[in-house]
Q: 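Below you'll find the structure I mean.
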Number of protein chains: 2
Amino acid sequence: MEKPQTRIQQRNQAAILSAGLNIFSQYGFRGSTLDQIAEAAGLSKPNLLYYFPSKEAVHSALLARLLDTWLDPLKALDATGDPITEIMGYAQRKLALSRDYPRESRLFANEVLQGAPHIAEVLATDLKNLVDEKAKIIRAWSEAGKVADVDPHHLIFSIWAMTQHYADFDVQVRAVLGDREPYDGAAVFLDAMYRRLLQP
Amino acid sequence: MEKPQTRIQQRNQAAILSAGLNIFSQYGFRGSTLDQIAEAAGLSKPNLLYYFPSKEAVHSALLARLLDTWLDPLKALDATGDPITEIMGYAQRKLALSRDYPRESRLFANEVLQGAPHIAEVLATDLKNLVDEKAKIIRAWSEAGKVADVDPHHLIFSIWAMTQHYADFDVQVRAVLGDREPYDGAAVFLDAMYRRLLQP
DNA sequence: CGTTGGTTTGACCAGTTGGTCAAATCAAGA
DNA sequence: TCTTGATTTGACCAACTGGTCAAACCAACG
């Protein structure tokens with residue numbers, strides 16, 4: 001079923017997705033135009049539409065690719081590992097994701113902010129299932145006295161909130177910090193915060 | 001200098017701002033149309049433009065009004081109060097703001113996400129000054145051994161992140177929680193989190 | 001070299017959008 | 001009641017937007 005892609009197809013599709021990520025993450029879906037994306041990709045608009053059938057298609061392709069990357073760090077949380085190490089490792093992985101992929105973070109934020117019209121389904125099924133599963137692990141840990149007794153769902157929300165904040169509100173964070181690097185202090189703060197919170 | 005406003009002006013300007021808040025917070029600036037806002041306000045588009053000279057003007061008016069409300073809870077942090085009570089009070093006030101004014105929170109999030117084109121100036125001056133001032137108070141508290149030694153700036157970021165997350169990512173939070181109310185658990189979690197973090 | 005199928009583009013289109021304007025309508029004080 | 005200034009609107013416009021299409025172009029293989 002998979003058509004073998006020519007080199008030109010690979011190059012252009014990659015260029016379009018890269019350009020789309022830049023533009024969509026900066027201006028949101030409706031705020032971005034095909035002309036902008038095409039120009040950023042070094043193509044004409046009709047040429048872009050030769051590779052993707054519509055603006056929505058580019059956006060959807062980006063979101064689909066993003067969701068995997070986004071959930072991976074949580075999937076890696078291991079029930080057999082050391083509880084506090086596992087949870088704090090997750091927080092640090094998620095923070096690294098914000099640092100290294102801020103455009104992806106903002107693309108996701110834009111989507112959810114506007115009511116998640118394209119991914120509401122995935123959030124309510126895949127994401128919910130994954131979180132429920134990991135929440136059960138954390139709950140077991142706290143019942144075994146290995147981590148403090150906190151609501152696992154809100155614990156996970158807090159990790160999302162604190163890490164994505166540095167990507168999504170980057171301009172605000174930098175405006176307030178002046179010329180200090182945000183992520184160094186963030187990593188230290190997160191470490192202290194969750195170490196104290198989780199200590200049973 | 002202030003022209004005395006007629007009752008009709010007051011009513012219509014209020015209707016436009018209310019409608020603008022609804023639409024802008026849901027679709028972002030470029031995703032919102034004057035027709036949408038006018039219809040939501042119960043006016044025709046030319047009539048709306050009789051009260052505000054442009055789409056931008058409506059948006060700016062909303063942002064200006066919002067900024068005060070948004071900074072008030074932090075302004076209320078009192079150097080002479082009990083340190084832990086003051087900081088936790090701030091977090092709870094900010095959480096209440098997210099619960100009671102989610103549209104304002106999303107309007108602000110949309111703006112900052114897109115690089116804060118309209119309020120970058122305010123962030124780098126008024127906001128930075130306010131945060132620096134309060135950070136100094138917190139630093140003094142931790143040097144006096146009254147709260148734990150954490151970076152005050154990142155502490156404030158964490159409060160912003162965790163509280164606004166519940167408004168800005170509302171759909172995601174609700175998708176994961178199912179039919180449980182987010183804000184009850186959030187208040188409990190925040191209380192536990194900051195109590196443990198701040199304990200010297 | 002010629003053919004074939006993938007690639008690129010200029011011209012175009014219909015719908016939408018922010019904004020204008022002259023004319024009509026309305027409210028309230030003299 | 002009449003007048004004046006505030007309010008409202010239908011018609012309109014230019015710019016932009018997502019998307020189409022036929023024709024041109026090009027790469028590669030026989």
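In this text, all values refer to a predicted model and were calculated from it rather than measured experimentally. Hydrogens, waters and symmetry mates are skipped; everything else that's a heavy atom, side chains included, is used. Naming: A, B, ... by sequence-line order, numbering from 1 per chain.
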Q: Under 4.0 Å, heavy atom to any atom of DNA chain D: which of residues 46-61 of chain B qualify?
A: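 The stretch gives Pro46(B), Asn47(B), Tyr50(B), Tyr51(B) as the residues lying under 4.0 Å from the strand, ordered by number.
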Q: Mind checking whether His154(B) and Phe157(B) have parallel, tilted or perpendicular rings, split at 30° and 60°?
A: perpendicular
Q: Under a 3.5 Å cutoff, is there a donor and acceptor pairing between the side chains of Tyr27(A) and Thr33(A)?
A: no
Q: Quick one, Gln13(B) and Phe52(B) - any side-chain contact, counting heavy atoms below 4.5 Å?
A: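 The answer is yes; the side chains approach within 4.5 Å.
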Q: Using a 4.5 Å cut-off on heavy atoms from C-beta on, say whether the side chain of Leu63(A) contacts that of His59(A).
A: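 His59(A) vs Leu63(A): side chains touch.
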Q: For DNA chain D, which residues of residues 14-41 of chain A approach it to below 4.0 angstrom with any heavy atom?
A: Ser32(A), Thr33(A), Leu34(A)
Q: Going by heavy atoms in the side chains, are Leu95(B) and Met162(B) under 4.5 Å from each other?
A: no
Q: Contact boundaries of DNA chain C with chain A (under 4.0 Å, heavy atoms), 5' to 3'?
A: dG6(C) to dT17(C)
Q: Using a 4.5 Å cut-off on heavy atoms from C-beta on, say whether the side chain of Thr163(B) contacts that of Leu97(B).
A: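 Not in contact.
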Q: Going by heavy atoms in the side chains, are Val176(A) and Leu127(B) under 4.5 Å from each other?
A: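 Yes; the side chains approach each other to less than 4.5 Å.
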Q: Between Glu133(B) and Lys128(B), is the salt bridge (Lys or Arg N to Asp or Glu O under 4.0 Å) condition met? List the steps.
A: CA-CA 8 Å; Glu133(B) 176 199 327; Lys128(B) 179 174 175 17; over 6 Å; no
Q: OP1 or OP2 of dT8(D) versus the side-chain N and O atoms of Asn12(B): is any pair under 4.0 Å?
A: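 True: Asn12(B) side-chain N/O within range (under 4.0 Å) of dT8(D) OP1/OP2.
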Q: So what does Arg7(B) touch, heavy atoms closer than 4.0 Å: a base, only the sugar-phosphate, or nothing?
A: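 The residue Arg7(B) makes sugar-phosphate contact but no base contact.
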Q: Report the C-alpha distance between Arg174(A) and Glu181(A) in whole Å, list the side-chain angles of each, state the deciding distance to 0.1 Å, and finish with yes or no for salt bridge (Lys or Arg N to Asp or Glu O under 4.0 Å).
A: CA-CA 8 Å; Arg174(A) 289 183 193 274; Glu181(A) 233 295 303; 3.7 Å; yes
Q: Would you check if there is a donor-acceptor pair between the side chains of Ser158(B) and Tyr194(B) at a distance under 3.5 Å?
A: yes
